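All values derive from a computational prediction rather than experimental measurement. Both ligands and their constituent atoms are indexed starting at 1 by order of listing.
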Amino acid sequence: MELLPRTLFSAEHEAFRDQVRRFCVQEIAPHHEAWEHAHGVPKDVWLKAGENGLLCCWLSEEDGGPGGDLLFDVVVSEELCRIGATGPGFNLHSLVVAPYIAHYGQPSLKQNILSKMVSGELIGAIAMTEPGAGSDLANIRTKAVKDGDAWVINGQKTFITNGQNADVMVVAAQTEDAQGKPGISMFVVTADMPGFSKGRNLHKIGQHAQDTAELFFADVRVPVDHLLGEINKGFRYMMQELPQERLCISVNCQARAEAVFEWTQNYVKDRKAFKQRIADFQNTRFKLASLYADLQAGRALCDSMIARQLKGELDAVGASAGKLWHSEMLGRVTDECLQLHGGYGYMQEYMVAKAYCDARIERIYAGTSEIMKEIIARSICDEPKR
Ligand SMILES: Cc1cc2nc3c(=O)[nH]c(=O)nc-3n(C[C@H](O)[C@H](O)[C@H](O)COP(=O)(O)OP(=O)(O)OC[C@H]3O[C@@H](n4cnc5c(N)ncnc54)[C@H](O)[C@@H]3O)c2cc1C
């Protein structure tokens, strides 16, 4: 069963895809179950990924990167999803954390950090969410106060992806400008700064190979050149960067859905009941046909969003609509595919069972479905009448 042909990727991207696929088969798949039990991946996988050119592929040579484009990082994400991998979080590191530093970091900071993110020596995380504030980011309590030649950060973050492994964190904190006006600013904190510590590795219902942690900041002195961009402009920067983060969710959801669909097609052609293949029941055929239509639509939407992002044209509403649709589509696909596996679909050793649990978070992180609807609805309902 073929889906829509893709026109975005060049021969060079496809050759890279073969290389990434080999990496996934050799370096990820054989170890993934052990990582699920450990709730995280060892750091040496990151170094191997760096050696193989899998990290921050889009980053310019001037900033210490290989000078590729977003499509190379998309390939890495898709291939990890295709084998059902949930760790390591290369995608967040390369396409969410590194862009904040590359786009808003001062030259000295970029020089110290970015090339080491490309090599995998430094692992990145982004820390916005707190125990008391997730959707309502304006309400965060982590505070940064200027003290001489440093900012002093106090507070707590939770649910931070790559949190246990992270060496470099982009942290959102409350600040006041020189006039005492409050706002949110973004800082780069490194794990070796005194006063910084990591809490529990949080146990989730899915995505078990992904380390997700609490982070604590107790009088962490952060040098002034670790402030990203300007004081109190954190919200503006988040609004500029969030479309790409949400696009990443669309890419992952589409690739995961395609993988689950493929496993399920194979299963229903093997398994028999009432002397026929499960694939011969009209219910199965119609379910798979509907899911196929979803996957076609999903692929077209996903590739058009990637194309818009490549041109710098993907806006907040477009990215939110995509994230909403793809994450909900993955929910439908994993649920229907699990059902077609019967009781085996509920067993952890079946990929579809893991995919079902792994998928649930996609409707929550990087902005919940309700927040996506809120963003889209504002652009529909609060605009003046045409
Ligand atoms: C596995 C995992 C990984 C994560 N990784 C990261 C990370 O790397 N970095 C990071 O900073 N955060 C991360 N998060 C946090 C994630 O982004 C938040 O959990 C998410 O934004 C929701 O915030 P919350 O959990 O505080 O829920 P709340 O904001 O408390 O929401 C609870 C419910 O209320 C609804 N709600 C809230 N406001 C509205 C509204 N205005 N209208 C309608 N409904 C509303 C929500 O949609 C939700 O259903 C992660 C979370 C998980 C579980």
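Proximity of K204 to ligand 1 is established by a heavy-atom distance of less than 4.0 Å.
Looking at ligand 1, you won't find any N or O of A133 less than 3.5 Å from one of its N or O atoms. Ligand 1 has no nitrogen or oxygen under 3.5 angstrom from a nitrogen or oxygen of L92. Considering backbone and side-chain N/O of I126, one or more are found under 3.5 Å from N/O of ligand 1. Ligand 1 has no nitrogen or oxygen under 3.5 angstrom from a nitrogen or oxygen of A127. Residue contacts with ligand 1: T158 is placed with no nitrogen or oxygen under 3.5 Å of a nitrogen or oxygen of the ligand (distance criterion only). For ligand 1, the polar-atom distance check against D136 finds no nitrogen or oxygen pair separated by under 3.5 Å. Between S135 and ligand 1, a contact under 3.5 Å exists for at least one N or O pair.
The aromatic rings of Y267 and Y344 lie tilted to each other, with the angle between the two planes from 30° to 60°.
Annotation: F217 is in aromatic contact with F196 [ring centroid separation under 6.0 Å].
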Apply side chain to side chain donor-acceptor pair (under 3.5 Å) to the pair D225 and S108, showing each step before the final yes or no.
-> CA-CA 7 Å; D225 70 348; S108 53; 2.8 Å; yes
Could you walk me through whether H226 and L109 pass side-chain contact (heavy atoms from CB on, under 4.5 Å), step by step?
-> CA-CA 7 Å; H226 282 228; L109 183 76; 3.5 Å; yes
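Evaluated for a side chain to side chain donor-acceptor pair (under 3.5 Å) with K354, the options Q348, H208, E36 yield exactly one hit, E36.
What you find for A259 and C81 is that their closest heavy atoms are CB-O, 4.2 Å.
Residue contacts with ligand 1, taken as heavy atom pairs separated by less than 4.0 Å, do not involve L202 at all.
If you number the atoms of ligand 1 from 1 as listed, the ones under 4.0 Å from a heavy atom of T368 come out as 22 (C), 46 (C), 47 (O). Those atoms of ligand 1 with a heavy atom of A366 less than 4.0 angstrom away are 17 (O).
Under a cut-off of 6.0 angstrom, the local environment of CD in E33 is sparse, with at most 12 non-hydrogen atoms contributed by other residues, nucleotides or ligands.
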